[in-house]
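Let me begin by presenting the structure, written as structure tokens, before commenting on it.
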Protein chains: 2
Amino acid sequence: MSPPHRSAVQTTRPTLHEVARLARVSPATVSRVLNTPQIVAPETLERVQDAIKQTGYVPNLMAGGLASNRSRLVAAIVPNIARSIFNETVESMTVALAEANYQVMLSLSGGGDERMASVVDTILARRPEAIIVTGNLREGELKRRIVGTGATVIETWDLPAEPIDVAVGFSHTAVGQAVAQALYAAGRRRPLVLSTNTPRALAREQGFRAAMEARGVATASAAPFPVPTSLAQGREAFAAACAHGAPPDCVFCSSDWQAHGVLIEAQKRGFKTPEDVAVFGFGDLEFAESTEPALSTVRIDGAEIGRIAAKILIDRAAGRAPERAVFDVGFELVRRGSA
Amino acid sequence: MSPPHRSAVQTTRPTLHEVARLARVSPATVSRVLNTPQIVAPETLERVQDAIKQTGYVPNLMAGGLASNRSRLVAAIVPNIARSIFNETVESMTVALAEANYQVMLSLSGGGDERMASVVDTILARRPEAIIVTGNLREGELKRRIVGTGATVIETWDLPAEPIDVAVGFSHTAVGQAVAQALYAAGRRRPLVLSTNTPRALAREQGFRAAMEARGVATASAAPFPVPTSLAQGREAFAAACAHGAPPDCVFCSSDWQAHGVLIEAQKRGFKTPEDVAVFGFGDLEFAESTEPALSTVRIDGAEIGRIAAKILIDRAAGRAPERAVFDVGFELVRRGSA
DNA sequence: CTGAAAGCGCTTACAG
DNA sequence: CTGAAAGCGCTTACAG
């Protein structure tokens, strides 16, 4: 991909050998300066570092990774990045891993099973030392392929009963229960749940429904929406709910987007929030505190999930096993004006 | 990072040599099957492909990249991914490049100049064949280092007067002018502009201001906000504008987020939109059509920017120079209820 | 159409 | 603390 019309440009980079020659040491010593500086003599160190600066040398990590069998690469598989709740996790993990000289390869799994298969091949071809999964890694061939690599596998944003390796997340069922309890305590008896077609959103719905049922309250639900969620889904669902008999007196949404949509539609239809209808979101996205009224929601510390994942990886690289197989970061109910 | 407590697991992957042995061909032939299948005999092809399937062989791209001096890697530098307007561009580029067997490395430049420097080193260490920049690549050392690699450099989301190499974007000045013209034509004479501290947002503001001035109208502006933008910024800015004498009769925001915030705050203060105050956003984010009233805004085809960037890279890899140095994807004024 | 051989730029026991 | 040497897993002229 080197541009033909610029082929005259000097494009060959200095190698470790050239640095070694300039510093009058062996290539091995330059390698040590780069990777284990503490074991090289101070004067040598300085001479080599000068040579590195002088030549503008940047190590070739393809060569380094091949020789050392350590790619210093972590693969993160997410459904998408356009409007993803996982982005904060990926971002904080990327920053934390960068300090340990690891780089994150983002891979998009959205777009169906065929794409997922080629995504996995593409990932494995780079020999990542760890693979972070958000969303679902379904059973089967792919999972077996990934596990077979021996790489650390971290599942995030959920607490699987049987983690593949290590998991960092929280209980979606518990979230549903907690919201149901709060809404019940506030006197709500005609709940509506908006869900999506993901296992985690469905787990929240189940938790909610079970907790309401235990209190003798039946829960209505809208057909699961596709992800990513949207304002439009919330508006649409609330409008539909109003069309069928008695409107709900509270709505538990599967995202703050949907919840904001419910807020807008309810207001347009003359409902007062929270008096006539209480609204609960999920995610505590940045805008949640700025809606009118401000959104009550469930806060997940996505950045913390990323930080913990990074720590696990770094510890493993240093030969320390993780303290446990499952890390529960919990969640927090944030009560604001809408419920 | 191989987990100590699982060290008994078979973690060595099959190599190209083993595939070759199984298929009873030379390693070179296996390599050809992988990279230039059209030049190998049909029976040989089949035998090798069987062996690949049987062994579950996945090529090692560190080795391949080292040997061929082609990393098949494209670096994308973005400020952040948590709430970034560039994500659609990155996503569409990633998908388009995947089909050509290129992988995108996402790098986060946010967090100041020191981080940017180490980000660039990290990128260069992987020897990407191309580097995509969104946001700003300021002059100086870093830019020189990047250009020095000989990699294709694509600047996106703007039309620089002197592109480093190739640029894909649109004119922010023209956007500002177009919005000003539309608002003026709608009879608005007390405009307010909300901007951010980025060169592109400032260019839009300048374009807007100049176009209004040419029509004899002065433009008020709020102090530039930091990115990423938010609902809160819009609410705050509109509240502040109302505190100082005559409120604006139209607001041009630097994002749909801000615009939505203005909508909310205006409504809360009893303003009618668009009668009392017209609101224009920027970006045509997914939620823009679902606000109340629906948001008038400027649509940018971010995915198209990504697709064009991918095409340029693929063409270059095939030895075809891009048709031109600057690709203008334009923009579209989307008139909905708010202006 | 296929193979033998050299080499890509590093790292890492091993020896001193 | 440092160097010589082998090797990581591929690709690619070159020769046939």
Side-chain angles (χ1 to χ4, degrees), chain A residues 2 11-49 51-52 55-73 101 121 124-127 129 149 317, chain B residues 2 11-49 51-52 55-73 101 124-129 149 317:
Chain A
S2 123
T11 162
T12 67
R13 304 190 58 85
T15 67
L16 180 145
H17 280 77
E18 301 176 47
V19 174
R21 207 153 35 80
L22 186 62
R24 280 182 290 160
V25 295
S26 73
T29 296
V30 178
S31 178
R32 291 190 189 101
V33 167
L34 261 14
N35 300 309
T36 49
Q38 65 281 5
I39 72 163
V40 359
E43 317 84 63
T44 314
L45 192 63
E46 196 184 350
R47 222 165 61 242
V48 173
Q49 283 169 336
I52 289 174
T55 52
Y57 172 68
V58 177
N60 182 331
L61 253 38
M62 288 193 288
L66 179 61
S68 67
N69 195 27
R70 305 197 51 198
S71 63
R72 306 213 75 96
L73 238 28
N101 281 315
D121 272 353
L124 296 184
R126 304 280 174 189
R127 303 296 191 263
E129 298 179 36
T149 64
Chain B
S2 122
T11 162
T12 67
R13 303 189 58 84
T15 67
L16 180 144
H17 280 76
E18 302 178 47
V19 174
R21 207 152 37 80
L22 186 62
R24 277 178 295 158
V25 296
S26 72
T29 296
V30 178
S31 177
R32 290 189 190 103
V33 168
L34 260 14
N35 300 308
T36 50
Q38 66 281 3
I39 71 163
V40 1
E43 318 83 65
T44 314
L45 191 63
E46 197 185 348
R47 221 166 61 241
V48 172
Q49 282 168 337
I52 289 175
T55 52
Y57 173 68
V58 177
N60 182 330
L61 254 37
M62 289 192 288
L66 179 61
S68 67
N69 195 27
R70 304 196 53 197
S71 63
R72 307 212 74 98
L73 236 28
N101 281 314
L124 297 184
R126 304 279 174 187
R127 304 294 191 263
E129 297 179 37
T149 64

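Sequence lines set the chain letters: A, B, ... in the order given, protein chains first and strands last, and positions in each chain run from 1.
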Item to check | Value rounded to 0.5 Å, distance of CD in E46(B) from CD in E43(B) | outcome: 8.5 Å

Checklist entry - When you measure from every atom of DNA chain D, which of residues 18-25 of chain B have a heavy atom less than 4.0 Å away? => result none

Next on the checklist: Measure CG/N60(B) against P/dG9(D) and give the value in whole Å, please.
Outcome noted: 7 Å

Checklist entry - Rounded to the nearest 0.5 Å, how far apart are CG of L16(A) and CZ of R21(A)? => result 12.0 Å

Next on the checklist: Measuring only between side-chain heavy atoms, which start at C-beta, is R127(B) closer than 4.5 Å to L73(B)?
Outcome noted: no

Checklist outcome for this item: Listing for DNA chain D: consecutive Watson-Crick or G-U pair runs of at least 3, distance cutoff 3.5 Å, ranges ordered by first number, gives C:1-3 with D:14-16, C:5-12 with D:5-12, C:14-16 with D:1-3

Checklist entry - Say you draw a straight line from OG1 of T29(A) to CZ of R32(A); how long is it, rounded to the nearest 0.5 Å? => result 5.0 Å

Checklist outcome for this item: Rounded to the nearest 0.5 Å, the CG atom of L61(A) sits from the CZ atom of R72(A) at a distance of 8.0 Å

Next on the checklist: If I take atom CG in residue L66(B) and atom C1' in nucleotide dG7(D), what distance separates them, rounded to the nearest angstrom?
Outcome noted: 12 Å

Item to check | Exceeds 12 heavy-atom contacts within 6.0 angstrom, atom CG of N35(B) | outcome: yes

Checklist entry - Between M62(A) (CE) and dC10(C) (P), how many Å, whole number? => result 10 Å

Next on the checklist: Expressed as a whole number of angstroms, how long is the span from I52(B):CD1 to dC10(D):P?
Outcome noted: 11 Å

Checklist outcome for this item: Going 5' to 3' through nucleotides 11-16 of chain D and flagging B where a protein heavy-atom sits under 4.0 Å of the base, S where only the sugar-phosphate is that close, and - otherwise, we get SBB---

Next on the checklist: In this structure, how many angstroms lie between the C1' atom of dT2(D) and the CZ atom of R47(A), rounded?
Outcome noted: 11 Å

Item to check | Among dG3(D), dC10(D), dT2(D), the nucleotide that comes nearest once only the side chain of I39(A) is considered | outcome: dT2(D)

Item to check | R126(B) and S71(B), any side-chain heavy atoms less than 4.5 Å apart | outcome: no

Checklist outcome for this item: To the nearest 0.5 Å, atom CD of E129(B) lies from atom CG of N69(B) at 8.5 Å

Checklist entry - So how far is it from L45(B) CG to Q38(B) CD, rounded to the nearest 0.5 Å? => result 10.0 Å

Checklist entry - How close or far is atom C1' of dG9(C) from atom CZ of R127(B), stated in whole angstroms? => result 9 Å

Checklist entry - What do you reckon, is CG of D121(A) surrounded by more than 12 foreign heavy atoms closer than 6.0 Å? => result yes

Next on the checklist: If I pick the C1' atom on dG16(C) and the same atom on dT12(C), what distance separates them, to the nearest angstrom?
Outcome noted: 16 Å

Next on the checklist: If we check side chain to side chain contact (heavy atoms under 4.5 Å, CB included) with V48(B), which of these qualifies: L22(B), V40(B), L34(B), V25(B)?
Outcome noted: V25(B)

Item to check | Protein-nucleotide distance (L124(A), atom CG; dG9(D), atom P), rounded to Å | outcome: 16 Å

